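Let me begin by presenting the structure, written as structure tokens, before commenting on it.
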Amino acid sequence: MTQAALISASMGWTAFRARMERVVGPMEAYDLLMELTRDAGYRHFAVLTARSGADTALPYQVVLTSLSHSSVREYQELDAAFGDKTLVEALRGGRPFFWDRRTPAPLSARAADAGNDNRATDGLLSRLGIRTGLGLPVFRARAPHGFALFGGERPVPDIGQAAHLSFWCNGIYERMARFEQSQRDRPRSRLTARELQCLNWTSAGKTSVEIAAILGLSEHTVNQYIATSSQKLGTVNRTQAVAEAIRLRLID
């Protein structure tokens with residue numbers, strides 16, 4: 001595989017800083033991460049941030065991802081039911097890691113006894129075109145650390161490629177902390193009660209049809225509320241809108 005421009009050593013500091021300065025909101029962060037994902041030969045990305053007091057559940061929450069909201073919810077439900085202990089332990093280790101499930105291993109009696117049956121989550125990821133992946137820890141000042149995850153079907157990247165990808169991801173994660181604070185006090189007054197209701201029910205895993213029935217609205221109206229709230233929050237879809245609203249403490 002030919003190394004792409006963004007993750008090669010050819011970009012100088014001036015060009016890197018100029019590119020990073022253009023990340024002024026969630027949409028720009030999403031676009032750059034998507035470009036890095038494709039350049040590195042992956043299909044999807046997810047940025048996670050650490051949450052406190054998570055002893056048994058996944059110790060991180062999704063704050064930005066290319067996956068659909070329904071896919072994220074399905075994974076979370078499967079994880080709650082079966083527990084992807086392999087991923088949890090990797091995340092808790094706080095170190096870069098790579099996984100490869102292109103050849104599914106049979107479930108051993110030891111794994112079954114430990115309750116570590118990943119076949120359901122592996123099946124979902126396979127349907128999404130994710131059979132290998134890379135996890136990179138990311139850090140920022142005065143804020144929880146996180147992880148940048150990349151998934152697809154490519155083999156393990158070499159150290160140089162992974163290091164350059166990590167460098168970009170840490171820069172983006174730091175930029176995200178800057179614009180989060182500037183946005184924290186603004187959206188509450190801009191989002192209407194209906195928009196907040198729709199986002200709240202979306203975060204609970206309800207579809208637009210279900211939210212429409214709960215609120216006595218049409219499905220089209222619900223979709224419009226979610227679309228306008230996403231625009232106001234500077235996000236690209238309902239998954240990012242929910243994550244941003246949670247991060248800004250607009251919804252639980």
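Predicted, not measured: the structure shown is a model, and the values here were computed from it.
From Leu64, atom CG reaches atom CG of Leu33 across 6.0 Å, with rounding to the nearest 0.5 Å. Between atom CZ of residue Arg95 and atom CG of residue Leu136 there is a gap of 13.5 Å, rounded to the nearest 0.5 Å. In this structure, OG1 on Thr228 lies 3.5 Å from CD on Glu195, to the nearest 0.5 angstrom. Between Arg175 atom CZ and Asn170 atom CG the span is 14.5 Å, to the nearest 0.5 Å. To the nearest 0.5 angstrom, Ser229 atom OG is 13.5 Å from Arg194 atom CZ.
A donor-acceptor contact shorter than 3.5 Å links the side chain of Thr132 to the backbone of Arg154. The backbone N or O of Gln240 sits less than 3.5 Å from a side-chain atom of Asn237, completing a donor-acceptor pair. Looking at Ser230, its side chain never comes within 3.5 Å of a backbone N or O of Ala241 through a donor-acceptor pair. Side-chain atoms of Glu174 come within 3.5 Å of backbone atoms of Ala141 as a donor-acceptor pair (strictly under, hydrogens ignored). Under a 3.5 Å cut-off, the side chain of Arg131 and the backbone N or O of Ser126 do not form any donor-acceptor pair. The backbone N or O of Phe45 lies less than 3.5 Å from a partner atom in the side chain of Thr65, making a donor-acceptor pair.
Residues Met20 and Ile172 are in side-chain contact: their nearest non-hydrogen atoms beyond the backbone lie under 4.5 Å apart. The shortest distance between side-chain heavy atoms of Pro157 and Leu134 falls below 4.5 Å. For the pair His44/Leu149, no side-chain contact is recorded, criterion being any heavy-atom separation below 4.5 Å from C-beta on. Residues Asp39 and Leu165 have side chains not in contact (no heavy-atom distance under 4.5 Å, counting atoms from C-beta outward). At least one side-chain heavy atom of Leu191 sits under 4.5 Å from a side-chain heavy atom of Lys232. A 4.5 Å side-chain heavy-atom check between Phe150 and Cys169 finds at least one atom pair inside the cut-off.
In the hydrophobic cluster analysis, where Ile, Leu, Val, Met, Phe, Trp and Tyr join through side-chain heavy atoms closer than 4.5 angstrom, Ile226 is grouped apart from Ile246. Hydrophobic clustering places Leu128 together with Leu48 (ILVMFWY residues linked when any side-chain heavy atoms are closer than 4.5 Å, directly or through intermediates). A continuous path of Ile, Leu, Val, Met, Phe, Trp and Tyr side chains, each step under 4.5 Å between heavy atoms, connects Leu36 with Val63, placing both in one hydrophobic cluster.
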Donor-acceptor list for residues 200-219 side chains, cut-off 3.5 Å, not counting sequence neighbours:
from   : atom 1 : to     : atom 2 : distance (Å)
Thr202 : OG1    : Cys198 : O      : 2.7
Ser203 : OG     : Asn200 : O      : 2.6
Thr207 : OG1    : Glu210 : N      : 3.2
Thr207 : OG1    : Glu210 : OE1    : 3.4
Ser208 : OG     : Asn223 : OD1    : 2.6
Ser208 : OG     : Arg238 : NH1    : 3.2
Ser208 : OG     : Arg238 : NH2    : 3.1
Glu210 : OE1    : Thr207 : N      : 2.9
Ser218 : OG     : Thr221 : N      : 3.0
Ser218 : OG     : Thr221 : OG1    : 2.8

| query | So Gln161 and Asp158, side-chain hydrogen bond (donor to acceptor under 3.5 Å, both in side chains) or not? Walk me through it. | reply | CA-CA 5 Å; Gln161 222 176 10; Asp158 61 47; 5.8 Å; no
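Within the structure, side chain to side chain donor-acceptor pair (under 3.5 Å) contacts touching residues 11-35 (residues at least two apart or in different chains) are Arg19-Glu35. Within the structure, no pair that satisfies the ring-ring contact (aromatic ring centres under 6.0 Å, His included) test touches residues 216-243, not counting sequence neighbours.
Scanning both residues, Pro137 and Pro96, for their nearest heavy atoms gives CD-N, 3.7 Å. Met176 and Ala29 make their closest contact through CG-CB, 4.2 Å (heavy atoms, listed as atom of the first residue, atom of the second, distance). For the pair Tyr173 and Thr49, the tightest heavy-atom approach, listed with the atom from each and the gap, is OH-OG1, 3.0 Å. When every heavy atom of Ala243 is checked against every heavy atom of Val62, the shortest pair comes out as CB-O, 3.7 Å. What you find for Phe139 and His145 is that their closest heavy atoms are CD2-CB, 3.6 Å. Across Leu196 and Leu250, no two heavy atoms sit closer than the pair CD2-CB, 4.0 Å.
Ring centroids of Phe147 and Phe97 are separated by less than 6.0 Å, placing the two rings close together.
Between Phe167 and Phe16, the two ring planes are tilted [angle within 30° to 60°].
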